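Worth saying up front: this structure is predicted, and the values here are computed from it rather than measured. Indexing begins at 1, ligand by ligand and atom by atom, following the structure's order.
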Amino acid sequence: MTSEYIKPIPIIQTWTEQFWKAAKEHKLLIQVCEDCQTRIFYPKKVCPECWSSNLTWEEASGKGKVYSFSVMQDMVEPKFWADIPYVLAMVDLEEGIRLMTRIVACDPEAVEIDMEVEVVFEDITKDCALPFFKPAA
Ligand SMILES: [Zn+2]
């Protein structure tokens with residue numbers, strides 16, 4: 001966590017503010033439609049199933065499994081060169097949400113499809129933390 005952070009920082013929108021505020025407190029939130037109970041990710045202004053704007057939030061367990069992944073070795077945006085090799089992954093949460101993330105705190109060679117993972121937050125600035133995933137304890 002330094003002021004020299006050079007990688008992209010999320011742009012906070014009114015409908016994503018709660019998500020990022022919780023992330024800063026190291027909590028992973030999922031939007032829920034109060035009218036049809038659909039769980040929604042990423043945060044939206046209206047439910048993609050019924051167009052209701054009656055949306056609320058629930059805290060996710062933070063547990064999931066790797067659905068797919070790729071080990072980035074080359075050909076990435078120069079701001080990410082220092083991170084190579086790193087793992088970009090799609091993780092399926094227990095709550096039925098699939099999200100794009102990174103797998104951290106393990107050798108990229110050890111990552112496997114269906115590997116159990118859990119959320120971990122990286123504080124990138126004083127106001128922002130990103131949800132990544134690590135092998136489940
Ligand atoms: Zn809905």
What residues, two or more places apart in sequence or in another chain, satisfy ring pair (Phe, Tyr, Trp, His ring centres under 6.0 Å) together with Tyr86?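 Ring pair (Phe, Tyr, Trp, His ring centres under 6.0 Å) check on Tyr86 returns nothing, list empty.
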The criterion is ring pair (Phe, Tyr, Trp, His ring centres under 6.0 Å); which residues satisfy it with Phe41, sequence neighbours excluded?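 With neighbours one apart ignored, the set is Phe19.
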One thing to verify: whether Arg39 and Glu58 come together as a salt bridge, which I'm taking to mean a side-chain N less than 4.0 angstrom from a carboxylate O.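 Here Glu58 pairs with Arg39 in a salt bridge, since their nearest N and O are under 4.0 Å apart.
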With sequence neighbours left out, what residues match Asp92 under side chain to side chain contact (heavy atoms under 4.5 Å, CB included)?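 Scan of Asp92 (side chain to side chain contact (heavy atoms under 4.5 Å, CB included), adjacent residues dropped) gives Tyr67, Arg98.
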Could you enumerate the protein N, O or S atoms under 2.8 Å from the Zn ion (ligand 1), written like residue then atom name?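 Under 2.8 Å from the Zn ion (ligand 1) - ignoring waters, which are not counted - the protein N, O or S atoms are Cys33 SG, Cys36 SG, Cys47 SG, Cys50 SG.
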Can you tell which of Leu88, Val91, Val120, Val71 makes a side chain to side chain contact (heavy atoms under 4.5 Å, CB included) with Ile103?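 Only match with Ile103 under side chain to side chain contact (heavy atoms under 4.5 Å, CB included): Val91.
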Would you tell me whether Glu95 and Ser61 have side-chain atoms, one donor and one acceptor, within less than 3.5 Å of each other?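 Short answer, yes.
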